[in-house]
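Step one of this worksheet: look at the structure below.
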Amino acid sequence: MDMTYRKLGPSGVKVSVLSFGSWVTFKAQVDKDAAAEMLQTARAAGVNFFDNAEAYAGGESERIMGEAIRDLGWERWSYVVSTKLFWGIHDDVNMKNTLNRKYLLSAIDESLDRLGLDFVDLLFCHRPDPETPIEETVRAMSDIVSAGKALYWGTSEWSADEIRAAWGIADRLGLHKPVMEQPQYNLFERTRVEREYRRLYDDIGLGLTTWSPLASGLLTGKYADGIPTDSRAGLEGYDWLKDRVTDPDANAKVKRLKEVADDLDCSLSQLAIAWCAANPNVSTVILGASRVEQLQENLGALDVLDALDDDVRARIKKVMRGS
Ligand code: NDP
């Protein structure tokens with residue numbers, strides 16, 4: 001099936017229903033040449049959105065993506081690229097874990113410098129910051145958009161109340177409104193997207209760029225017998241992931257999902273990704289991959305979308321409920 005494109009929430013810009021991001025992988029597992037190969041593989045399949053963040057590999061992920069895209073010679077108008085700000089990379093009281101104006105206005109310039117770009121298309125507040133008034137953040141993000149350094153702004157892992165508050169402030173003050181949110185969404189993590197944000201889709205037209213469709217690889221079945229040495233949970237610094245991906249209940253469900261995938265003649269990862277993309281409130285599912293073969297396999301989820309009829313969905317629901 002050919003790539004399809006969805007409007008990013010209330011904006012006029014369209015993103016491919018499958019997109020590609022660089023968390024964990026760029027720098028730690030993927031160097032510039034491999035990044036270029038993966039970016040080109042995604043683009044050849046119709047992917048037009050590429051996700052990044054200031055914090056990924058301490059800024060190196062932005063540098064690698066920027067250089068790889070320059071090497072590939074892509075025209076700036078032909079792709080949508082994001083970055084995200086919050087954690088900061090300077091060890092300073094005003095530059096860490098914050099969405100204050102001083103940080104945001106300085107961090108965007110540094111991100112653009114690393115990416116080698118004049119603007120990003122999408123700029124996210126990577127987490128909420130309870131210490132900075134939402135109005136200060138909204139004004140700063142709107143000013144960044146007005147300055148032409150980002151075309152659209154949004155949030156990541158904000159509560160529905162926080163998103164609604166930001167949108168209301170921007171509406172009242174005539175500022176650029178947030179148009180998208182970046183939440184985790186996969187077969188094991190559904191509450192925010194399906195319940196908490198439910199009213200926001202109609203009320204403010206919220207768009208979603210969702211992350212970790214495979215729950216960091218758990219939904220590929222690769223953790224059924226422990227942690228492969230060449231996997232994310234085997235990487236140094238990712239101990240926090242180990243318990244989650246080797247959880248016996250979760251892996252028992254994944255094993256049963258494999259039967260559904262087998263019946264559809266697709267892989268587990270394709271089934272799990274297609275399931276995310278089948279939610280019409282999802283604008284784009286951001287894929288992650290440490291190898292080009294994984295990305296190729298995952299892009300094949302497009303061919304599974306039409307197979308997710310009511311019967312298949314009911315089977316998946318039953319498995320995930322443990323019934
Ligand atoms: P996934 O849950 O899909 O995990 C991707 C990882 O799973 C790969 O790096 C690889 O890891 C493994 N994998 C992928 N496909 C296969 C396959 N076919 N077979 C075997 N293993 C496979 O997505 P991510 O967690 O990477 O998230 C995707 C993107 O979302 C990120 O790159 C980032 O852009 C965004 N994101 C945003 C966040 C936010 O806070 N806003 C947070 C997290 C992600 P390995 O080979 O190493 O095991």
Side-chain angles (χ1 to χ4, degrees), residues 15 18-30 34-35 38-39 41-42 47 49-57 61-62 64-65 80-87 120 122-128 154-158 180-189 192-193 208-224 226-238 240-242 244-246 250 254 258 261 266-277 282-301 304:
V15 284
L18 301 183
S19 46
F20 179 54
S22 59
W23 178 54
V24 182
T25 55
F26 280 28
K27 178 77 177 166
Q29 297 169 295
V30 173
M38 292 169 112
L39 289 164
T41 299
V47 168
F49 167 45
F50 302 91
D51 186 60
N52 215 320
E54 173 202 53
Y56 296 169
S61 169
E62 290 176 323
I64 289 173
M65 191 178 276
V80 173
V81 70
S82 72
T83 196
K84 308 193 264 303
L85 305 175
F86 170 72
W87 277 289
V120 286
L122 313 184
L123 182 64
F124 293 87
C125 295
H126 210 158
R127 287 294 180 270
T155 56
S156 179
E157 295 295 346
W158 282 33
M180 72 282 175
E181 154 67 36
Q182 188 168 127
Q184 182 174 182
Y185 186 52
N186 56 56
L187 277 159
F188 287 106
E189 194 69 52
R192 219 163 215 174
V193 165
L208 299 181
T209 65
T210 63
W211 58 268
S212 284
L214 301 175
S216 274
L218 166 62
L219 280 157
T220 67
K222 72 196 298 174
Y223 294 107
I227 299 176
T229 45
D230 61 349
S231 66
R232 178 177 292 180
L235 290 174
E236 209 183 308
Y238 288 85
W240 55 270
L241 197 59
K242 285 184 173 156
R244 205 176 298 169
V245 294
T246 54
V254 172
K258 174 85 169 68
C266 70
S267 72
L268 260 172
S269 73
Q270 290 168 340
L271 180 73
I273 290 164
W275 179 89
C276 298
V282 170
S283 316
T284 181
V285 179
I286 311 173
L287 308 180
S290 67
R291 297 187 254 300
V292 74
E293 297 77 23
Q294 293 175 353
L295 182 59
Q296 280 161 340
E297 177 186 336
N298 299 350
L299 288 164
V304 184

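Counting convention: from 1, in listed order, for ligands and their atoms alike.
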Inset, instruction - Find the distance between CZ (Arg232) and OG1 (Thr220) and round it off to the nearest 0.5 Å. - result: 10.5 Å
Legend entry - Sub-4.5 Å side-chain heavy-atom contact between Ser82 and Val120: no
Legend entry - By side-chain hydrogen bond (donor to acceptor under 3.5 Å, both in side chains) - contacts of Lys222 (at least two apart): none
Legend entry - From CG (Asn52) to CE (Met65), nearest 0.5 Å: 4.5 Å
Inset, instruction - State which residue, out of Phe86, Trp23, Trp87, fulfils the ring-ring contact (aromatic ring centres under 6.0 Å, His included) condition with His126. - result: Trp87
Inset, instruction - For salt bridge (Lys or Arg N to Asp or Glu O under 4.0 Å), just list the numbers for Arg192 and Glu181, CA-CA rounded to whole Å, side-chain angles, deciding distance to a tenth of an Å, and then say yes or no. - result: CA-CA 11 Å; Arg192 219 163 215 174; Glu181 154 67 36; 5.7 Å; no
Ligand 1: protein N/O within less than 3.5 Å of ligand N/O:
unit_1, atom_1, unit_2, atom_2, d
ligand 1, 2 (O), Leu214, N, 3.0
ligand 1, 2 (O), Ala215, N, 3.2
ligand 1, 2 (O), Ser216, N, 2.8
ligand 1, 3 (O), Leu214, N, 3.4
ligand 1, 9 (O), Arg232, NH2, 3.2
ligand 1, 15 (N), Asn298, ND2, 2.8
ligand 1, 18 (N), Glu297, OE1, 3.2
ligand 1, 18 (N), Asn298, OD1, 3.0
ligand 1, 21 (N), Lys222, NZ, 2.9
ligand 1, 21 (N), Gln294, NE2, 3.4
ligand 1, 25 (O), Ser212, OG, 2.5
ligand 1, 25 (O), Arg232, NH1, 2.8
ligand 1, 26 (O), Arg232, NH2, 2.7
ligand 1, 27 (O), Ser212, N, 3.3
ligand 1, 32 (O), Gly21, O, 3.2
ligand 1, 32 (O), Ser22, N, 3.1
ligand 1, 32 (O), Trp23, N, 3.0
ligand 1, 34 (O), Asp51, OD2, 2.6
ligand 1, 40 (O), His126, NE2, 3.3
ligand 1, 40 (O), Arg127, NH1, 2.9
ligand 1, 40 (O), Arg127, NH2, 3.1
ligand 1, 41 (N), Ser156, OG, 2.8
ligand 1, 41 (N), Gln182, OE1, 2.9
ligand 1, 46 (O), Lys222, NZ, 3.2
ligand 1, 46 (O), Ser290, OG, 2.7
ligand 1, 46 (O), Gln294, NE2, 2.9
ligand 1, 47 (O), Gln29, NE2, 2.8
ligand 1, 47 (O), Arg232, N, 3.0
ligand 1, 48 (O), Lys222, NZ, 2.7
ligand 1, 48 (O), Arg232, N, 3.0

